[in-house]
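Accompanying notes for the structure given below.
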There are 2 protein chains.
Amino acid sequence: MDWTDLQHFLALAREGTLSAAARSLGVDHVTVARRVAALEASMSLKLVDRRPRSYELTEDGKRIAKIGAPMAETAFAVARAVQASKSEIGGEITISAPPSLANLLIAPKLIRLLQQHPGIRIKLIGEKRTASLNRREADLALRLSRPTEPGLIARKVGYFEFALYGSPDYFKTTPPHAFAFVAYDSSMDEVPQQRWLMRFAASREIVLRTNDLENQAAAARTGLGLAALPKFLGETDPLLERFDIGGRPVGREVWLVVHRDLRRTPTVRAVAGFIEDCLA
Amino acid sequence: MDWTDLQHFLALAREGTLSAAARSLGVDHVTVARRVAALEASMSLKLVDRRPRSYELTEDGKRIAKIGAPMAETAFAVARAVQASKSEIGGEITISAPPSLANLLIAPKLIRLLQQHPGIRIKLIGEKRTASLNRREADLALRLSRPTEPGLIARKVGYFEFALYGSPDYFKTTPPHAFAFVAYDSSMDEVPQQRWLMRFAASREIVLRTNDLENQAAAARTGLGLAALPKFLGETDPLLERFDIGGRPVGREVWLVVHRDLRRTPTVRAVAGFIEDCLA
DNA sequence: GTCCATCTGTGCGAATTCTCACAACAAGAT
DNA sequence: ATCTTGTTGTGAGAATTCGCACAGATGGAC
């Protein structure tokens with residue numbers, strides 16, 4: 001049995017579509033289709049139903065995928081072990097962080113890290129979705145809440161507060177009872193800063209909902225309304241002015257997460273230390 | 001990371017040499033060498049020391065091999081699951097058995113099984129070394145003692161006794177005190193039939209030691225001396241005559257072994273039933 | 001309705017990989 | 001000493017595999 005065929009099939013089972021599996025493996029979707037077909041041929045077993053716009057696993061396929069899934073886990077464990085075997089500082093480290101943290105706090109200071117350790121190459125991915133450290137989509141991650149997945153080591157490295165910001169002109173022309181607001185879309189209704197904003201807005205209008213914090217900031221700058229932004233973003237921007245409201249401010253903790261297998265790797269430790277400095 | 005590279009490296013780690021790994025994988029040894037080299041390159045990690053006549057794992061290599069070993073286990077579990085998914089009777093079944101049992105009790109009756117189930121193809125391997133059911137080197141195995149490995153289901157399907165045999169001429173020309181004997185080589189000194197033979201031979205001479213039971217029978221037929229042979233072998237051979245001695249006869253149990261994952265597979269059940277009949 | 005994004009399928013040329021045959025070498029048996 | 005067996009290494013041609021470009025088809029957004 002060809003292990004690469006199995007790898008492609010397991011990726012398909014995990015991702016759901018040929019194309020997604022292909023992206024996750026870094027190959028062409030045609031390759032995934034061919035390898036799955038080859039696996040079926042070698043097993044003389046139908047693993048997927050080929051429907052017009054989707055591949056659907058057969059019962060046999062589901063069972064095989066379930067039994068084979070630990071192979072992928074182990075493969076990632078091997079990858080981590082390889083990374084952990086590197087004793088000298090260097091190589092590529094992938095950092096996953098919320099976009100705003102990545103852009104404003106990490107990226108501007110990266111130059112310092114690279115000067116100190118010329119061998120290191122950093123891959124910084126600012127994504128909303130949390131990258132999987134288990135699958136080694138990232139070596140280090142910044143999260144806004146403590147992760148619960150097994151095998152991960154989390155450490156609280158910072159805390160920041162939100163405040164309401166708008167353009168200086170906006171405050172001159174608009175009385176508080178006529179304020180309009182900019183918020184996340186409804187999928188984020190449960191995060192603390194959104195609840196805080198909604199409670200303050202009460203019946204006043206939400207004129208823009210966007211997934212992207214940077215978009216909210218841009219909207220606030222142009223005078224669309226008020227947005228709940230981290231202070232580290234709002235305070236440094238001359239086009240934004242804070243609007244103080246009473247009550248307890250809302251804030252989020254920042255957790256630095258690393259896989260247990262990589263904890264002691266010199267390169268990872270160096271980068272982790274650097275990130276802590278950025279957040280301090 | 002290429003899973004096939006890993007597969008080849010793990011095979012090398014398990015088998016010890018390029019050639020053995022290549023045999024176990026069914027590929028050329030050059031392929032194993034290349035894939036291991038490719039794996040090292042992709043990891044930027046030295047996994048083996050290339051010595052003149054052997055590959056030796058480095059410390060890193062040993063660690064990686066240990067961490068990755070479960071992948072091979074899982075791959076074999078998948079292979080068993082595939083076999084178990086076949087609902088209709090048919091396909092290739094591999095049986096491992098001691099050579100004498102295979103040749104005398106199984107092989108002659110195979111025709112009956114194949115007539116009854118034309119879809120089945122049997123691969124019968126008569127080997128001294130016990131094939132690994134976990135690695136799916138065989139689907140069914142006959143063993144002379146109860147296996148202890150986890151995951152295996154064993155069932156006692158037979159029992160046979162040994163007796164001493166020589167050629168009829170030999171008994172006419174040789175008095176008991178001058179008997180010579182034929183035995184297994186010293187690696188088998190601990191098996192019951194060998195201990196039984198040695199105790200009876202006492203100080204009389206062992207003129208031939210051979211690994212192969214068929215060779216012992218042949219030697220006894222030509223009048224070289226007495227050999228301890230299973231009764232199912234000796235009694236049916238006109239060129240052999242039994243020499244009865246007192247005391248409790250020595251015998252061995254026959255166990256039919258199957259992996260838990262394959263227990264309920266129709267084809268395996270059919271073949272297992274057939275083997276039971278052979279031994280009855 | 002139209003456009004756009006996404007998914008799977010097909011054909012072909014290019015790049016890669018594998019096997020084969022042969023070589024060199026060592027160890028053990030004859 | 002010679003022969004056999006088993007190991008790794010090298011080079012070349014053949015077979016395989018991959019990616020690209022394009023097509024068809026569907027569902028959602030506008």
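A quick note: this is a predicted structure, and the numbers were derived from the prediction, not measured.
The phosphate of D/dT8 has OP1 or OP2 within less than 4.0 Å of a side-chain N or O from B/Ser19. Note on B/Arg35: every side-chain N or O is 4.0 Å or more away from OP1 and OP2 of C/dT16. Neither OP1 nor OP2 of C/dT6 sits under 4.0 Å from any side-chain N or O of A/Tyr55. For the OP1/OP2 pair of D/dG19 and a distance below 4.0 Å, the side-chain nitrogens and oxygens of A/Thr31 include at least one atom meeting the criterion.
The distance from atom CD of B/Glu56 to atom P of D/dT8 is 12 Å, rounded to the nearest whole Å. Per the geometry, CG belonging to B/Asp28 stands 17 Å off P belonging to D/dA14, to the nearest Å. Rounded to a whole Å, the CG atom of B/Leu12 is 12 Å from the P atom of D/dT7. The distance from atom CG of A/Asp2 to atom C1' of D/dA15 is 15 Å, rounded to the nearest whole Å. The CZ atom of B/Arg51 sits 16 Å away from the C1' atom of C/dC25 (whole-angstrom rounding). Between B/Arg50 atom CZ and D/dT7 atom P there is a gap of 17 Å when expressed in whole angstrom units. If you measure from atom CG of A/Leu18 to atom P of D/dC18, you get 14 Å, rounded to the nearest angstrom.
Counting distance only, with no hydrogens placed and no angle test, the side-chain atoms of A/Arg34 and the base atoms of D/dG19 include a donor-acceptor pair under 3.5 Å. Judged by distance alone, with hydrogens and angles left aside, A/Arg53 brings a side-chain donor or acceptor within reach of the base of C/dT6, the pair sitting under 3.5 Å.
Within 4.0 Å of A/Val30, counting heavy atoms only, lies at least one base atom of the nucleic acid. B/Thr17 comes within 4.0 angstrom of the backbone, heavy atoms only, and of no base.
In summary, B/Arg135 and B/Glu149 do not engage in a salt bridge, as defined by a charged side-chain N under 4.0 Å from a carboxylate O.
Partner of B/Val182 under the side chain to side chain contact (heavy atoms under 4.5 Å, CB included) criterion, chosen from B/Leu164, B/Leu197, B/Ile206, B/Leu208: B/Leu208.
There is no side-chain donor-acceptor pair under 3.5 Å between A/Thr4 and A/Arg35.
Taking the 5.5 Å centre cut-off and the 30° plane limit, the aromatic side chain of A/His29 is not classed as stacked on C/dC7.
Crowding of B/Arg14 atom CZ: a count of heavy atoms from other residues, nucleotides or ligands under 6.0 Å exceeding 12.
Between A/His8 and B/Pro52, it is B/Pro52 whose nearest contact on DNA chain D lies nearer the 5' terminus.
Scanning all heavy atoms of the two residues, the minimum distance from B/Pro230 to B/Leu213 falls at CD-CD2, 3.7 Å.
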